[in-house]
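Note on naming: letters A, B, ... go to the chains in the order of the sequence lines (proteins, then strands), and numbering restarts at 1 for each one.
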There are 2 protein chains.
Amino acid sequence: MDESCTVYRTMEYLSKRWSLLIILELFKGQEDGKRYSELKRDLPGITPKMLSTRLKELEDEGLIENVVDSSSFPVRSDYFLTPAGWALIDVVKALKDWALAWKIDNVACGLQDCADCHL
Amino acid sequence: MDESCTVYRTMEYLSKRWSLLIILELFKGQEDGKRYSELKRDLPGITPKMLSTRLKELEDEGLIENVVDSSSFPVRSDYFLTPAGWALIDVVKALKDWALAWKIDNVACGLQDCADCHL
DNA sequence: CGGTATCCTTTCGGATACTG
DNA sequence: CAGTATCCGAAAGGATACCG
(Lines give C-alpha, C1' and ligand atoms only; values in the text may rest on other atoms or scores of the structure.)
Protein backbone atom coordinates (compact mmCIF):
# COMPACT_ATOMS: atom_id res chain seq x y z
CA MET A 1 0.00 0.00 0.00
CA ASP A 2 1.37 3.39 -1.03
CA GLU A 3 0.32 6.59 -2.76
CA SER A 4 0.16 4.79 -6.09
CA CYS A 5 -2.71 2.61 -4.87
CA THR A 6 -5.85 3.36 -6.85
CA VAL A 7 -8.12 2.99 -3.84
CA TYR A 8 -5.84 5.22 -1.78
CA ARG A 9 -5.82 7.97 -4.40
CA THR A 10 -9.54 7.82 -4.94
CA MET A 11 -10.43 7.97 -1.29
CA GLU A 12 -8.31 11.10 -0.99
CA TYR A 13 -11.12 13.19 -2.44
CA LEU A 14 -14.19 10.96 -2.22
CA SER A 15 -13.88 10.40 1.51
CA LYS A 16 -14.21 14.08 2.26
CA ARG A 17 -17.26 15.08 4.22
CA TRP A 18 -20.31 15.84 2.02
CA SER A 19 -18.66 14.81 -1.27
CA LEU A 20 -20.61 11.62 -1.90
CA LEU A 21 -23.76 13.16 -0.48
CA ILE A 22 -23.56 16.01 -2.98
CA ILE A 23 -23.15 13.47 -5.76
CA LEU A 24 -26.21 11.66 -4.44
CA GLU A 25 -28.27 14.85 -4.31
CA LEU A 26 -27.39 15.70 -7.89
CA PHE A 27 -28.39 12.18 -8.88
CA LYS A 28 -31.77 12.77 -7.27
CA GLY A 29 -32.14 15.83 -9.44
CA GLN A 30 -31.89 13.53 -12.46
CA GLU A 31 -31.48 15.26 -15.81
CA ASP A 32 -32.33 18.65 -14.30
CA GLY A 33 -29.49 18.63 -11.80
CA LYS A 34 -29.86 21.01 -8.90
CA ARG A 35 -29.26 24.64 -8.09
CA TYR A 36 -26.95 25.87 -5.36
CA SER A 37 -29.86 26.79 -3.12
CA GLU A 38 -31.49 23.42 -3.65
CA LEU A 39 -28.33 21.62 -2.63
CA LYS A 40 -28.08 23.84 0.42
CA ARG A 41 -31.67 23.10 1.33
CA ASP A 42 -31.32 19.36 0.74
CA LEU A 43 -28.12 18.97 2.73
CA PRO A 44 -29.15 20.15 6.17
CA GLY A 45 -26.23 21.36 8.21
CA ILE A 46 -23.91 22.19 5.34
CA THR A 47 -22.58 25.74 5.41
CA PRO A 48 -22.30 27.89 2.28
CA LYS A 49 -18.52 27.82 2.55
CA MET A 50 -18.38 24.06 2.74
CA LEU A 51 -20.81 23.65 -0.14
CA SER A 52 -18.83 26.02 -2.36
CA THR A 53 -15.58 24.31 -1.48
CA ARG A 54 -16.86 20.82 -2.21
CA LEU A 55 -18.58 21.84 -5.43
CA LYS A 56 -15.33 23.35 -6.66
CA GLU A 57 -13.38 20.22 -5.77
CA LEU A 58 -15.86 17.94 -7.47
CA GLU A 59 -15.81 20.14 -10.54
CA ASP A 60 -12.00 20.04 -10.58
CA GLU A 61 -12.19 16.26 -10.38
CA GLY A 62 -14.54 16.21 -13.34
CA LEU A 63 -17.44 14.67 -11.46
CA ILE A 64 -19.85 17.58 -11.73
CA GLU A 65 -20.48 20.44 -14.10
CA ASN A 66 -21.70 23.94 -13.37
CA VAL A 67 -23.91 25.79 -15.85
CA VAL A 68 -24.36 29.48 -15.15
CA ASP A 69 -26.91 31.72 -16.80
CA SER A 70 -25.67 35.27 -16.22
CA SER A 71 -28.35 36.79 -18.41
CA SER A 72 -31.07 36.11 -15.88
CA PHE A 73 -31.43 37.97 -12.65
CA PRO A 74 -30.66 36.78 -10.11
CA VAL A 75 -27.93 34.70 -11.74
CA ARG A 76 -28.99 31.11 -12.19
CA SER A 77 -26.47 28.40 -11.42
CA ASP A 78 -27.16 24.73 -12.05
CA TYR A 79 -25.06 21.74 -11.17
CA PHE A 80 -25.09 18.42 -13.02
CA LEU A 81 -23.31 15.12 -12.82
CA THR A 82 -20.83 14.44 -15.59
CA PRO A 83 -20.65 10.92 -17.07
CA ALA A 84 -17.92 10.12 -14.54
CA GLY A 85 -20.18 11.44 -11.81
CA TRP A 86 -23.10 9.34 -13.03
CA ALA A 87 -20.89 6.28 -13.04
CA LEU A 88 -20.07 6.88 -9.40
CA ILE A 89 -23.66 6.12 -8.53
CA ASP A 90 -22.86 2.43 -8.99
CA VAL A 91 -20.42 2.73 -6.13
CA VAL A 92 -22.91 4.56 -3.95
CA LYS A 93 -25.46 1.88 -4.76
CA ALA A 94 -22.98 -0.84 -3.76
CA LEU A 95 -22.34 1.03 -0.55
CA LYS A 96 -26.04 1.30 0.22
CA ASP A 97 -26.67 -2.36 -0.58
CA TRP A 98 -23.85 -3.38 1.70
CA ALA A 99 -25.17 -1.24 4.55
CA LEU A 100 -28.68 -2.61 4.18
CA ALA A 101 -27.40 -6.17 4.10
CA TRP A 102 -25.04 -5.93 7.04
CA LYS A 103 -25.47 -2.85 9.11
CA ILE A 104 -28.76 -1.03 8.93
CA ASP A 105 -32.38 -1.99 9.08
CA ASN A 106 -33.84 0.82 7.01
CA VAL A 107 -37.12 -0.28 5.48
CA ALA A 108 -37.78 2.87 3.48
CA CYS A 109 -34.32 2.75 1.99
CA GLY A 110 -34.62 -0.93 1.18
CA LEU A 111 -37.56 -0.53 -1.19
CA GLN A 112 -36.98 -1.40 -4.80
CA ASP A 113 -36.96 2.28 -5.61
CA CYS A 114 -36.08 4.09 -2.42
CA ALA A 115 -38.62 6.83 -1.87
CA ASP A 116 -35.95 9.25 -0.83
CA CYS A 117 -32.90 8.67 -2.96
CA HIS A 118 -34.27 6.49 -5.81
CA LEU A 119 -31.19 4.35 -5.45
CA MET B 1 -31.33 13.87 2.81
CA ASP B 2 -31.03 13.69 6.59
CA GLU B 3 -29.36 11.64 9.31
CA SER B 4 -31.65 8.71 8.58
CA CYS B 5 -30.17 8.31 5.08
CA THR B 6 -28.36 4.99 4.81
CA VAL B 7 -25.56 6.43 2.71
CA TYR B 8 -25.15 9.32 5.12
CA ARG B 9 -24.90 7.06 8.16
CA THR B 10 -22.49 4.69 6.47
CA MET B 11 -20.15 7.37 5.28
CA GLU B 12 -19.94 8.68 8.83
CA TYR B 13 -17.47 5.98 9.75
CA LEU B 14 -16.26 4.62 6.42
CA SER B 15 -15.10 7.97 5.15
CA LYS B 16 -12.62 8.39 7.96
CA ARG B 17 -9.01 8.45 6.95
CA TRP B 18 -7.40 4.99 6.82
CA SER B 19 -10.61 3.06 7.50
CA LEU B 20 -11.11 1.55 4.05
CA LEU B 21 -7.37 1.12 3.62
CA ILE B 22 -7.19 -0.96 6.78
CA ILE B 23 -10.04 -3.09 5.47
CA LEU B 24 -8.13 -3.51 2.23
CA GLU B 25 -4.94 -4.52 4.01
CA LEU B 26 -6.76 -7.15 6.02
CA PHE B 27 -8.28 -8.45 2.81
CA LYS B 28 -4.78 -8.83 1.40
CA GLY B 29 -3.91 -10.94 4.42
CA GLN B 30 -6.65 -13.33 3.31
CA GLU B 31 -7.57 -16.03 5.83
CA ASP B 32 -4.54 -15.23 7.99
CA GLY B 33 -5.49 -11.64 8.60
CA LYS B 34 -2.67 -9.37 9.74
CA ARG B 35 -0.91 -8.46 12.93
CA TYR B 36 -0.75 -4.96 14.34
CA SER B 37 2.87 -4.57 13.26
CA GLU B 38 2.11 -5.79 9.76
CA LEU B 39 -0.66 -3.25 9.36
CA LYS B 40 1.67 -0.55 10.62
CA ARG B 41 4.33 -1.64 8.13
CA ASP B 42 1.89 -1.88 5.23
CA LEU B 43 0.24 1.49 5.83
CA PRO B 44 3.18 3.88 5.49
CA GLY B 45 2.61 7.09 7.35
CA ILE B 46 0.04 5.82 9.83
CA THR B 47 0.91 6.50 13.45
CA PRO B 48 0.38 3.93 16.22
CA LYS B 49 -2.28 6.13 17.77
CA MET B 50 -4.22 6.46 14.56
CA LEU B 51 -3.97 2.74 13.85
CA SER B 52 -5.22 1.85 17.33
CA THR B 53 -8.06 4.31 17.06
CA ARG B 54 -9.26 3.08 13.69
CA LEU B 55 -8.93 -0.58 14.62
CA LYS B 56 -11.09 0.02 17.67
CA GLU B 57 -13.71 1.86 15.63
CA LEU B 58 -13.84 -0.85 13.00
CA GLU B 59 -14.14 -3.49 15.69
CA ASP B 60 -16.99 -1.54 17.30
CA GLU B 61 -18.71 -1.41 13.92
CA GLY B 62 -18.33 -5.18 13.59
CA LEU B 63 -16.17 -5.04 10.49
CA ILE B 64 -13.03 -6.56 11.98
CA GLU B 65 -12.19 -8.97 14.76
CA ASN B 66 -9.18 -9.03 17.04
CA VAL B 67 -7.74 -12.31 18.25
CA VAL B 68 -5.21 -12.00 21.05
CA ASP B 69 -2.94 -14.77 22.27
CA SER B 70 -1.77 -13.69 25.70
CA SER B 71 -0.02 -16.97 26.38
CA SER B 72 2.77 -16.20 23.96
CA PHE B 73 5.44 -13.64 24.58
CA PRO B 74 5.39 -11.08 23.25
CA VAL B 75 1.61 -11.03 23.11
CA ARG B 76 0.34 -11.90 19.66
CA SER B 77 -2.56 -9.89 18.25
CA ASP B 78 -4.19 -10.73 14.94
CA TYR B 79 -6.87 -8.84 13.07
CA PHE B 80 -9.35 -10.39 10.68
CA LEU B 81 -12.27 -9.23 8.61
CA THR B 82 -15.68 -10.32 9.84
CA PRO B 83 -18.26 -11.45 7.26
CA ALA B 84 -19.54 -7.85 7.15
CA GLY B 85 -15.97 -6.72 6.57
CA TRP B 86 -15.46 -9.22 3.78
CA ALA B 87 -18.65 -8.06 2.14
CA LEU B 88 -17.32 -4.52 2.10
CA ILE B 89 -14.69 -5.61 -0.36
CA ASP B 90 -17.37 -5.57 -3.05
CA VAL B 91 -17.74 -1.85 -2.45
CA VAL B 92 -13.99 -1.28 -2.53
CA LYS B 93 -13.88 -3.26 -5.78
CA ALA B 94 -16.63 -1.11 -7.27
CA LEU B 95 -14.70 1.95 -6.21
CA LYS B 96 -11.52 0.71 -7.81
CA ASP B 97 -13.29 -0.26 -11.03
CA TRP B 98 -14.86 3.17 -11.24
CA ALA B 99 -11.53 4.89 -10.72
CA LEU B 100 -9.83 2.79 -13.37
CA ALA B 101 -12.63 3.41 -15.82
CA TRP B 102 -12.91 7.16 -15.32
CA LYS B 103 -10.08 8.66 -13.39
CA ILE B 104 -6.82 6.79 -13.25
CA ASP B 105 -4.59 5.06 -15.73
CA ASN B 106 -3.02 2.51 -13.44
CA VAL B 107 -1.84 -0.48 -15.43
CA ALA B 108 -0.63 -2.57 -12.50
CA CYS B 109 -3.91 -2.07 -10.69
CA GLY B 110 -5.93 -2.89 -13.77
CA LEU B 111 -4.62 -6.43 -14.12
CA GLN B 112 -7.14 -9.20 -13.69
CA ASP B 113 -5.64 -9.96 -10.31
CA CYS B 114 -3.91 -6.77 -9.18
CA ALA B 115 -0.41 -7.66 -8.11
CA ASP B 116 -0.64 -5.43 -5.11
CA CYS B 117 -4.12 -5.68 -3.69
CA HIS B 118 -5.54 -8.77 -5.48
CA LEU B 119 -8.71 -6.84 -6.02
C1' DC C 1 -29.81 33.87 -5.74
C1' DG C 2 -25.29 32.37 -5.45
C1' DG C 3 -21.94 32.74 -3.51
C1' DT C 4 -17.26 35.23 -0.51
C1' DA C 5 -14.95 36.98 3.45
C1' DT C 6 -13.84 36.77 8.08
C1' DC C 7 -13.29 34.91 12.29
C1' DC C 8 -13.05 31.41 15.42
C1' DT C 9 -13.48 26.71 17.55
C1' DT C 10 -12.71 22.15 17.46
C1' DT C 11 -11.03 18.00 16.18
C1' DC C 12 -8.00 15.41 13.59
C1' DG C 13 -4.04 13.58 13.41
C1' DG C 14 1.30 13.75 13.65
C1' DA C 15 5.67 13.16 16.66
C1' DT C 16 7.55 11.08 20.21
C1' DA C 17 8.26 8.72 24.41
C1' DC C 18 7.02 5.15 27.17
C1' DT C 19 5.13 0.50 29.14
C1' DG C 20 3.73 -4.54 30.12
C1' DC D 1 5.24 -6.83 20.01
C1' DA D 2 1.27 -4.22 20.71
C1' DG D 3 -0.08 -0.85 21.96
C1' DT D 4 -1.01 3.86 25.40
C1' DA D 5 0.04 8.65 27.03
C1' DT D 6 1.17 13.29 26.18
C1' DC D 7 1.77 17.12 23.75
C1' DC D 8 1.18 19.97 19.93
C1' DG D 9 0.30 22.11 15.24
C1' DA D 10 -2.38 22.32 11.22
C1' DA D 11 -6.38 22.21 9.09
C1' DA D 12 -11.08 21.29 8.68
C1' DG D 13 -15.12 23.08 9.33
C1' DG D 14 -18.93 26.06 11.73
C1' DA D 15 -21.28 30.86 12.40
C1' DT D 16 -22.18 34.85 10.61
C1' DA D 17 -22.06 38.90 7.87
C1' DC D 18 -21.81 40.72 3.63
C1' DC D 19 -21.88 41.58 -1.62
C1' DG D 20 -22.98 41.80 -6.88
- Which whole-number value in Å describes the distance from A/Leu51 CG to C/dC1 C1'? 13 Å
- Item | Separation of C/dG13 P from B/Leu21 CG (nearest whole Å) | 12 Å
- Message: I want to check one thing: is the phosphate of C/dG3, taken as OP1 and OP2, less than 4.0 Å away from some side-chain N or O of A/Tyr79?
- Response: yes
- Task: Send over the distance from A/Asp69 CG to C/dG2 C1', rounded to a whole Å.
- Result: 13 Å
- Message: Quick test of your reading of the model: are A/Lys28 and A/Asp42 salt-bridged, counting only N-O distances below 4.0 Å?
- Response: no
- Task: Look at atom CG of B/Asp60 and say whether more than 12 heavy atoms of other residues, nucleotides or ligands are closer to it than 6.0 Å.
- Result: yes
- If you draw a 6.0 Å radius around CG in B/Asp2, do more than 12 non-hydrogen atoms from other residues or ligands fall strictly inside? yes
- Message: Can you tell me if B/Ser52 touches the phosphate of D/dT4, counting only side-chain N or O atoms and a distance under 4.0 Å to OP1 or OP2?
- Response: yes
- Which nucleotide, D/dA17, C/dA17, D/dC1, lies nearest any side-chain atom of B/Arg35? D/dC1
- Message: On DNA chain D, does the nearest nucleotide to B/Val68 precede the nearest nucleotide to B/Lys49 from the 5' side, or the other way round? Give the residue.
- Response: B/Val68
- Message: From CZ of B/Arg17 over to P of D/dA12, roughly how many Å is that when rounded to an integer?
- Response: 10 Å
- Message: Quick test of your reading of the model: are B/Glu57 and B/Arg54 salt-bridged, counting only N-O distances below 4.0 Å?
- Response: yes
- Message: Any residue in residues 53-60 of chain A with a heavy atom nearer than 4.0 angstrom to DNA chain C? Just list them by number, or reply none.
- Response: A/Lys56
- Query: For D/dA2, does OP1 or OP2 lie under 4.0 Å from any side-chain N or O of B/Arg76?
  - Reply: no
- Closest heavy-atom pair and its distance - B/Tyr13, A/Lys103: OH-CE, 3.1 Å
- Item | Pairing of A/Lys34 and A/Asp32 as salt bridge, 4.0 angstrom limit | no
- Between C/dA15 atom P and B/Lys40 atom NZ, what is the distance in whole Å? 10 Å
- Task: Check whether any side-chain nitrogen or oxygen of B/Ser77 sits under 4.0 Å from OP1 or OP2 of D/dC1, and answer yes or no.
- Result: no
- Query: Rounded to the Å, how far apart are A/Phe73 CZ and D/dC19 C1'?
  - Reply: 11 Å
- May I have the step-by-step check of side-chain hydrogen bond (donor to acceptor under 3.5 Å, both in side chains) for B/Ser4 and A/Asn106, ending in yes or no? CA-CA 8 Å; B/Ser4 77; A/Asn106 189 339; 5.3 Å; no
- Message: For D/dG13 and A/Thr47 - does any side-chain N or O of the residue sit under 4.0 Å from the phosphate oxygens OP1/OP2?
- Response: no
- Message: Measure CD1/B/Ile46 against P/D/dT4 and give the value in whole Å, please.
- Response: 13 Å
- Atom pair distance, as rounded to whole Å: CD in A/Glu12 and P in C/dC12: 17 Å
